[in-house]
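None of these values were measured; they are calculated from a predicted model. We use all heavy atoms of the structure for the numbers below, so side chains are in, but hydrogens, waters and symmetry mates are not.
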Amino acid sequence: MAAFTADVTGYMAATVFYSLVTALVVEALIRIWAIHRPSTRFKFRLLVLFLPLLYWPAFLLTYPQRQGDVFRHGTALLDLKQWLDLPVAGTMPFRYGLLLLLASTTLLFLAQELAPTLRTLLARRHRQERRRLEKRQHPGLHAALAEVSQKMGRPAPQVLAANRQAPAVYIAGAANPTLVISSHLLEALDGNELRGVLAHELAHLRRRDSWWGWVLLVIRVLMFYNPVALLVSRQLVQDNEQACDDVAVSATGQPLAFAAGLIKAFQAEKPESPAKAQGRSGDLRSRASAMYDHASLSTVKRRAARLLNPPPIEDSPYENIRLVVVSSMLAVLLFFVA
Amino acid sequence: MSKQDATGRKTSFGKEAPGILLPPALLMGFAALLFHLLNLVPASLQPAQARTYESIEAAERALGVKISVPAYFPDYLRWPPTRIALQRKPTLMLSLVFSAADGAEGVLSIHQVFSPAGEKYYREAAKPEVLLGELTVPLDGREATLIIGKGAGGAPFNQVHWRKGDRYLIITTLYPPEELLKIAGSMKP
């Protein structure tokens with residue numbers, strides 16, 4: 001049992017360390033190569049989630065001796081086990097510190113990611129909360145959707161209305177995607193803002209983000225303990241949103257309207273009470289919720305600011321070759337970290 | 001191979017290659033150096049105590065390699081080894097200590113050093129008190145050094161050491177050199 005626990009801790013330590021090294025290398029290269037395009041950043045950051053999952057079993061299968069003391073002591077550049085087992089004042093602070101970090105990340109993942117995802121999935125199962133939105137019910141929406149779809153060169157999806165008090169718009173379903181939009185949002189947005197928001201959602205469709213969402217969810221479940229994966233998966237979501245923002249702006253040519261629509265949609269969904277915003281409303285849960293809302297609002301504001309002051313989109317060429325080069329070099333480097 | 005970048009300029013791979021290869025290569029080199037330095041810290045702080053194992057299999061699992069054991073194992077020795085110990089400092093070395101069938105302890109020891117630098121250390125540390133002779137003998141298609149001498153209290157000290165694959169083997173025994181060489185010649189793998 002003790003050996004099994006040590007093996008599991010060793011595996012977790014190795015994958016977290018691989019993620020950390022990959023993240024640092026990728027972030028450095030994103031800056032050195034001046035990669036501004038969100039879709040390219042997304043591909044590079046995906047390496048942080050994929051490589052540790054792929055490399056650890058690949059190394060183990062191709063060279064099982066790598067787990068032994070002979071490799072660790074003689075060949076490895078860095079033996080993580082030495083650090084985990086390092087005794088300081090009669091205890092092993094690095095091992096216990098790591099376990100504490102993994103446990104905190106797991107709790108955070110369960111509370112902030114898995115539970116809301118499951119709740120959403122279960123809620124979406126109850127189809128009665130949505131109804132088909134006919135053309136005659138909202139001709140403006142269908143006209144805007146037809147216009148944006150034509151500009152983006154793809155058929156308009158089926159539209160369902162969400163029976164929610166809060167404004168909402170999202171693409172539901174991966175195999176047979178539909179656009180779900182709440183009447184509250186339709187009331188809140190003017191024509192140009194609506195076109196921007198619809199173009200953004202159609203961009204998600206074009207990028208097959210529903211499928212990517214499932215892939216990322218599976219990886220996140222497999223790496224539930226990994227704090228680096230937790231942070232990077234949030235960055236990936238932002239990269240994805242920004243990539244769709246760019247598509248929406250290029251399709252509509254109305255960055256200001258889209259930015260306004262984005263902020264309106266968020267603020268209408270999360271009405272900010274002064275007490276909540278300042279986190280003074282007493283219990284821990286409301287303080288945490290206020291902090292989370294504040295962080296989300298900052299993200300939306302950053303997205304809006306980026307739309308109004310777009311960064312240069314000149315990207316370095318040979319993007320896929322760069323990805324292969326970085327992955328291969330990381331494979332060689334991480335092989336020697338046991 | 002050529003491509004157009006976002007501004008419409010034509011770029012060739014040959015021209016872009018240094019910019020593609022150098023930054024990641026430099027980053028990896030820096031990381032490798034950092035890892036090497038990080039590895040020195042716990043190695044210098046770890047206490048130099050040996051870890052013992054219940055069985056050859058358990059030691060093999062920890063080492064990640066097969067342990068060499070003699071295929072020729074005379075009746076006057078007792079199997080399994082009475083002590084299986086792995087030390088990391090000053091060099092990674094596995095020690096197998098055998099007793100005689102009559103109960104006499106430490107009549108044969110087999111040391112396996114898994115570091116090119118470590119063999120020198122061990123050979124200097126495990127010398128007879130009185131050296132009677134040192135000769136080069138053929139062993140398993142290689143040259144081995146046979147040492148004949150006397151150990152503590154005038155007890156026989158016969159030792160053979162040679163490199164075999166990824167490790168350096170040192171076998172020390174009270175038994176005569178002929179028996180020692182037969183045991184050494186049968187070491188597998």
Side-chain angles (χ1 to χ4, degrees), chain A residues 3 7 17 20-22 24-29 31-33 36-37 40 63-88 94 312-319 321-334 336-338, chain B residues 1-13 15-17 19-43 45-47 51 58-66 86 88-89 91-94 112-118 166-167:
Chain A
D7 284 350
F17 192 78
L20 180 66
V21 172
T22 309
L24 292 174
V25 167
V26 161
E27 291 305 320
L29 288 173
R31 278 154 187 80
I32 293 169
W33 284 335
H36 297 294
R37 204 188 291 273
T40 312
Y63 194 70
Q65 301 92 310
R66 199 174 156 275
Q67 291 305 101
D69 281 353
V70 171
F71 180 86
R72 289 176 181 280
H73 198 275
T75 316
L77 275 170
L78 178 60
D79 178 7
L80 295 172
K81 200 161 159 266
Q82 272 200 108
W83 276 97
L84 292 179
D85 294 340
L86 189 67
V88 178
F94 294 100
I313 54 152
E314 280 177 48
D315 258 2
S316 315
Y318 303 107
E319 173 188 309
I321 292 178
R322 285 170 205 265
L323 278 169
V324 172
V325 166
V326 177
S327 308
S328 313
M329 286 189 182
L330 278 168
V332 175
L333 178 73
L334 295 177
F336 294 97
V337 178
Chain B
M1 190 159 69
S2 71
K3 268 192 173 184
Q4 278 192 338
D5 67 11
T7 56
R9 280 176 303 161
K10 235 183 176 178
T11 61
S12 70
F13 182 72
K15 207 170 152 191
E16 292 288 333
I20 292 175
L21 297 173
L22 268 179
L26 287 173
L27 281 172
M28 303 298 158
F30 175 72
L33 182 70
L34 194 68
F35 293 169
H36 178 67
L37 294 175
L38 274 175
N39 213 29
L40 297 178
V41 179
L45 295 175
Q46 288 274 14
R51 199 189 299 166
E60 281 181 340
R61 271 197 299 278
L63 275 168
V65 292
K66 281 273 178 200
L86 182 69
R88 287 185 171 75
K89 281 172 106 174
T91 184
L92 187 68
M93 183 178 73
L94 180 88
Q112 308 185 21
V113 182
F114 296 94
S115 156
D166 62 343
R167 66 200 72 179

Toward chain B, the part of [X] with a non-hydrogen atom under 4.5 Å:
X      : value
A/I32  : side chain
A/V25  : both
A/V332 : neither
A/V88  : neither

[X] to [Y] - nearest heavy-atom pair and separation:
X     : Y     : value
B/R51 : A/D69 : NH1-OD2, 4.3 Å
B/V65 : A/V70 : CG2-CG2, 3.6 Å
B/P23 : A/L29 : CB-CD2, 3.8 Å
A/W33 : B/G19 : NE1-O, 2.9 Å
B/R88 : A/H73 : O-NE2, 3.1 Å
B/N39 : A/Q82 : OD1-NE2, 3.1 Å

Nearest 0.5 Å, please: how far is [atom2] in [Y] from [atom1] in [X]?
X     : Y      : atom1 : atom2 : answer
B/F30 : A/L24  : CZ    : CG    : 10.0 Å
B/F13 : A/I321 : CZ    : CD1   : 4.5 Å
B/I20 : A/E319 : CD1   : CD    : 11.0 Å
B/L92 : A/R72  : CG    : CZ    : 12.0 Å

Between chain B and each of A/L86, A/V337, A/L80, A/V325, count heavy-atom pairs under 4.5 Å; write down the option with the most.
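Among the listed options, the one with the most contacts to chain B is A/L86.
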Among A/G68, A/A76, A/G74, which has the most heavy-atom pairs under 4.5 Å with chain B?
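Maximum pair count with chain B is reached by A/G68.
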Hey, what's the ring geometry for A/F17 with B/F35, parallel, tilted or perpendicular (30° and 60° as the breaks)?
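Ring orientation, 0 to 90° scale: tilted.
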Identify which part of B/L86 has an atom lying under 4.5 Å from any heavy atom of chain A, answering side chain, backbone, both or neither.
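Only the side chain of B/L86 comes within 4.5 Å of chain A.
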At a heavy-atom separation under 4.5 Å, does B/L27 approach chain A through its side chain, its backbone, both, or neither?
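Interface part for B/L27: side chain.
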Is the backbone of A/L78 close enough, under 3.5 Å, to the side chain of B/H36 for a donor and an acceptor to pair up by distance?
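Checked: no pair found.
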A/W83 (side chain) donor-acceptor with B/V41 (main chain) under 3.5 angstrom
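No.
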Between B/E16 and A/R322, is any pair of side-chain heavy atoms under 4.5 Å apart?
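A side-chain contact exists here, since the closest heavy-atom pair is under 4.5 Å.
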Sequence neighbours left out, what passes side-chain contact (heavy atoms from CB on, under 4.5 Å) with A/S328? Give chain and number order.
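Counting only residues at least two positions away or on another chain, A/S328 forms a side-chain contact (heavy atoms from CB on, under 4.5 Å) with A/V324.
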